[in-house]
There are 2 protein chains.
Amino acid sequence: MATARLRDVAERAGVSIRTVSNVVNGYAQVSEETRRRVEKAVAELGYRPNLLARNLKRGRTGLLALVVPELDVPYFSELARAVIAEARTYGYTVVIDQTDGEPDRERELIMRGASAALFDGVILSPLSLSQADLARRDGSDPLVLLGERIAESPYDHVAIDNVAAAYTATEHLLDLGRTRIAAVGDQPYDTGETAQLRTRGYRDAHAARGLAVDESLVVATPRFHRSDGAAAMAALLDRPDGPPDAVFCYNDLLALGAIRTLLTRGLRIPEDVAVVGFDDIEAGRYNTPTLTTISPDKAAIARLAVQRITGRLGDGPQQPPVELWAPHRLEIRESTAGS
Amino acid sequence: MATARLRDVAERAGVSIRTVSNVVNGYAQVSEETRRRVEKAVAELGYRPNLLARNLKRGRTGLLALVVPELDVPYFSELARAVIAEARTYGYTVVIDQTDGEPDRERELIMRGASAALFDGVILSPLSLSQADLARRDGSDPLVLLGERIAESPYDHVAIDNVAAAYTATEHLLDLGRTRIAAVGDQPYDTGETAQLRTRGYRDAHAARGLAVDESLVVATPRFHRSDGAAAMAALLDRPDGPPDAVFCYNDLLALGAIRTLLTRGLRIPEDVAVVGFDDIEAGRYNTPTLTTISPDKAAIARLAVQRITGRLGDGPQQPPVELWAPHRLEIRESTAGS
DNA sequence: GGAGCTTATTGCAACGATGCAGGTTCCCGG
DNA sequence: CCGGGAACCTGCATCGTTGCAATAAGCTCC
């Protein structure tokens, strides 16, 4: 009894396939008697509709895909939670896939997902996807890009204002009287625009006060994990001209790694070095010291993304792609404010 | 041009539908000339196969579902990474769903996923699923249960030996000369068998040395988050008979929360209180102090689970459900060993 | 020049479900 | 006793794809 089909149920209940379908879906009028017979047969055979077939016929699946680079980066798993919750209010189920930032996987998932009918829509947080990868697409698929922006893409884009956020973070450190503020997490030009926007905010905040940026304090990291932050911090501490008195990390994991290095080396936070992160992940709220950070409104990001997707699902006229900004705020905690 | 179909491509290329299908799938022999024409049409129309239809016909989807309670619990996201990697070696793509431990969602996903043909198989890490929920199923679906065991289930089960692991952790603390060891994370009988297995290991380790367990040191927590650990630790510290000298937490998040409370209260780790966690999540390796923990072999868990799933996918005779144990080891770090 | 192959291409049916339109049966009022 | 309308049930076509088996065309070889 591999899998019972509508036909098997119909046979057993002595009615037509169509009637079984009606019962299962609650369509039309069905006599009490017939309904009972069908339901009995359904139960006995353990029938469950084949969603592939149903969706093929109906033209929709009720599934949204959320594609992120790394699930075990807390920012993405927390974002995933928000997206799942938001999608559920629209009756959608979210399935998640992880690309590890591999361009092939990201590309493949766009192809498969966006228009291969397995998913009704795709929310993609790209890491390595290039403009060329999207250029061929005409934007008619229900696809929303999160975070990393891709120039000239024909798709909606949801993010926070990275320049303003980085500006605020840097300003906060400047307000504390710090003068040698390191920026950790820069990326080379073609790798990530987001990191560069944050560097721009960092520079702008300095410029607004007429301060020059010590270029050697702007350090790039290969990735955005704790180990990268720990390594970058170690390198900063080993510099001949002494440690910085503050660090702005481009995400919380970098910041937590940096904090670990600082504490290991016997430095005090924030007295010796103040630390600001980015993302407001839960780990930062329970770290010792707790982490000051830029808190992007993940619920808002999820809401905007899901709304755009569902908005595009209707048959209405295609709207031009839009750029949406979710709010953010600075969350001040022990790593800059003392305990 | 909503979505181009095989037929549209065929029309444009001036060949039959079947030939286009052959080209797309690389089947059979196709003349160079024809192939070129078809590929040109495919590109021009932006054709991509409708996976629903293809899968309906082929009878498989190449998708495995991994269903976990909470993705932003690092253990699960790290496990997800392992499962994704393992599944990929078999040519499967993994999609992930999060249930929040809601029985309805877990149930629904078993139904939908396991035998509704959307997924070829399901790897489920249940939280609140009861025996009754599975009782009706005959076990013929390719479903593997992780972690929490469900009595009498007709499905394969993969986990580590929780009793032995908890025994080892407790023994480690006893070896350090600790005498008042708290256990944080117990669960009432009907909620989680895993927690009870760990409590059993904790008790057994005491019993093996002829020590009595102070029942008031075994504390339950509503969930397994940092905040639960922080609260439980605070309660332990406020007891009239003074703080314990060691804590065994049933997962790393609880431990990290407990550590936060201890540090806030001015206690030293491990001098005043030694802490052991469970799961070996990345956050514990970068915490200050770094966290001693039981490290389950997540890669092994993933491997066993995926192997069982793929093993059941063949047409071979159904094998009886098995109980598989993945290895684990104690990872000693600063929270018990000093720095 | 035709048997016998290989190569290239195709039509038909089917996967399992639903949309649509139609067909019975039954009951009612006139 | 018949026309008209609910109420209930059904058959057919179809969603987009692939498996199967057959056809058509080209080539070799005696």
Side-chain angles (χ1 to χ4, degrees), chain A residues 1-39 41-42 45-63 111-120 315, chain B residues 1-39 41-42 45-63 111-112 115-120 315:
Chain A
M1 68 145 266
T3 314
R5 294 157 307 163
L6 222 36
R7 169 165 26 180
D8 303 318
V9 178
E11 230 162 70
R12 181 171 194 117
V15 296
S16 77
I17 292 183
R18 197 57 254 246
T19 297
V20 178
S21 171
N22 284 336
V23 170
V24 170
N25 291 286
Y27 287 174
Q29 306 281 22
V30 181
S31 74
E32 201 46 46
E33 155 68 8
T34 307
R35 152 163 291 113
R36 229 190 310 274
R37 274 227 311 287
V38 170
E39 278 168 355
V42 164
L45 293 173
Y47 167 79
R48 268 145 304 156
N50 179 315
L51 295 186
L52 243 35
R54 170 181 288 178
N55 293 336
L56 173 60
K57 187 66 178 127
R58 287 194 179 157
R60 62 182 292 280
T61 66
L63 294 179
M111 298 313 208
R112 281 195 117 187
S115 41
L118 255 194
F119 308 117
D120 291 340
D315 300 315
Chain B
M1 66 147 267
T3 315
R5 294 156 307 164
L6 223 34
R7 167 161 34 175
D8 303 318
V9 178
E11 230 162 71
R12 181 170 194 116
V15 296
S16 77
I17 293 182
R18 197 56 251 247
T19 297
V20 178
S21 171
N22 283 336
V23 170
V24 170
N25 290 288
Y27 286 175
Q29 305 283 20
V30 181
S31 74
E32 201 46 45
E33 155 67 6
T34 306
R35 152 164 289 112
R36 228 191 307 276
R37 276 226 311 288
V38 170
E39 278 168 355
V42 164
L45 294 173
Y47 168 80
R48 268 145 304 156
N50 179 316
L51 294 186
L52 283 182
R54 169 180 292 179
N55 293 337
L56 173 59
K57 188 65 179 132
R58 287 190 179 163
R60 62 182 294 277
T61 67
L63 294 179
M111 298 312 208
R112 279 194 117 189
S115 41
L118 255 193
F119 308 117
D120 290 342
D315 300 315

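Every chain is numbered from 1, with letters handed out A, B, ... down the list of sequences. Heavy atoms only: backbone and side chains are in, while hydrogens, waters and symmetry mates are out.
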Dump the pairs, protein N or O against N or O of nucleotides 20-28 of chain D, anything under 3.5 Å, distances to one decimal.
{"unit_1": "D:dC20", "atom_1": "N4", "unit_2": "B:Arg18", "atom_2": "NH1", "d": "3.1"}

Can you give me the N/O atom pairs linking the protein to nucleotides 13-15 of chain C at distances under 3.5 Å, or say none if there are none?
{"unit_1": "C:dA14", "atom_1": "N3", "unit_2": "B:Lys57", "atom_2": "NZ", "d": "3.4"}

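Residue B:Thr34 is the one, among B:Thr34 and A:Leu6, whose nearest nucleotide of DNA chain C lies closer to the 5' end (criterion: closest heavy atom). Nearer to the 5' terminus of DNA chain C, by closest-nucleotide assignment, is the contact made by B:Ser16 (compared with the other of A:Tyr47 and B:Ser16).
Of all heavy-atom pairs between B:Ala41 and B:Val9, the closest is CB-CG1, 3.8 Å. Between B:Leu6 and B:Ser21, the closest heavy-atom pair is CD2-CB, 4.0 Å. What you find for B:Asn55 and B:Arg60 is that their closest heavy atoms are OD1-O, 2.9 Å. Taking both residues in full, the closest heavy atoms of A:Ala13 and A:Val38 are given as CB-CA, 4.1 Å, listed atom of the first, atom of the second, then distance. Of all the heavy atoms in A:Leu52 and B:Thr61, the pair that sits closest is CD2-CG2, 3.9 Å.
Under the 3.5 Å distance criterion, the side-chain polar atoms of A:Arg48 are matched with a main-chain donor or acceptor of A:Gly46.
Rounded to an integer number of Å, the gap from CD of A:Glu32 to C1' of D:dC8 is 13 Å. Rounded to a whole Å, the CG atom of A:Asp8 is 9 Å from the P atom of C:dG16. Atom CZ of A:Arg36 and atom P of D:dC8 are 13 Å apart (whole Å). Distance A:Ile17 CD1 to C:dG16 C1': 9 Å, rounded to the nearest Å. Regarding A:Asn55, its CG atom lies at a distance of 16 Å from the P atom of D:dC15, rounded to whole Å. Look at CD on A:Glu11: it is 14 Å from C1' on C:dG16, rounded to the nearest Å. Atom CG in B:Leu52 sits about 15 Å away from atom C1' in D:dT14, given to the nearest Å. Remark: P of D:dT17 and CZ of B:Arg48 are 12 Å apart, rounded to the nearest angstrom.
Contact annotation for B:Thr19: base contact, defined as any heavy-atom pair under 4.0 Å involving a base atom.
Here C:dT9 is the nucleotide among D:dT17, C:dT9, C:dT10 with the atom lying nearest to any side-chain atom of B:Val30.
Axis angle between the ends of the helix from C:dG1-D:dC30 to C:dG30-D:dC1, five pairs each and rounded to 10 degrees, works out to 50°.
With B:Glu39 as the fixed residue, the salt bridge (Lys or Arg N to Asp or Glu O under 4.0 Å) test singles out one of B:Arg35, B:Arg37, B:Arg36: B:Arg35.
Note that CG of A:Leu56 and CG of A:Leu51 are 12.0 Å apart. Values are rounded to the nearest 0.5 Å.
The side chain of A:Ser31 places no N or O atom within less than 4.0 Å of a non-bridging phosphate oxygen (OP1 or OP2) of D:dA7. For C:dA8, the OP1/OP2 oxygens have no side-chain nitrogen or oxygen of B:Asn22 closer than 4.0 Å.
Counting only heavy atoms from C-beta outward, the side chains of A:Arg54 and A:Val24 approach each other to under 4.5 Å.
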**Request:** Check the pair A:Val15, A:Val20 against side-chain contact (heavy atoms from CB on, under 4.5 Å), reporting the backbone distance first and the verdict last.
**Result:** CA-CA 7 Å; A:Val15 296; A:Val20 178; 3.7 Å; yes
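Residues A:Asn22 and A:Arg18 have side chains that bring a donor and an acceptor to within less than 3.5 angstrom of each other.
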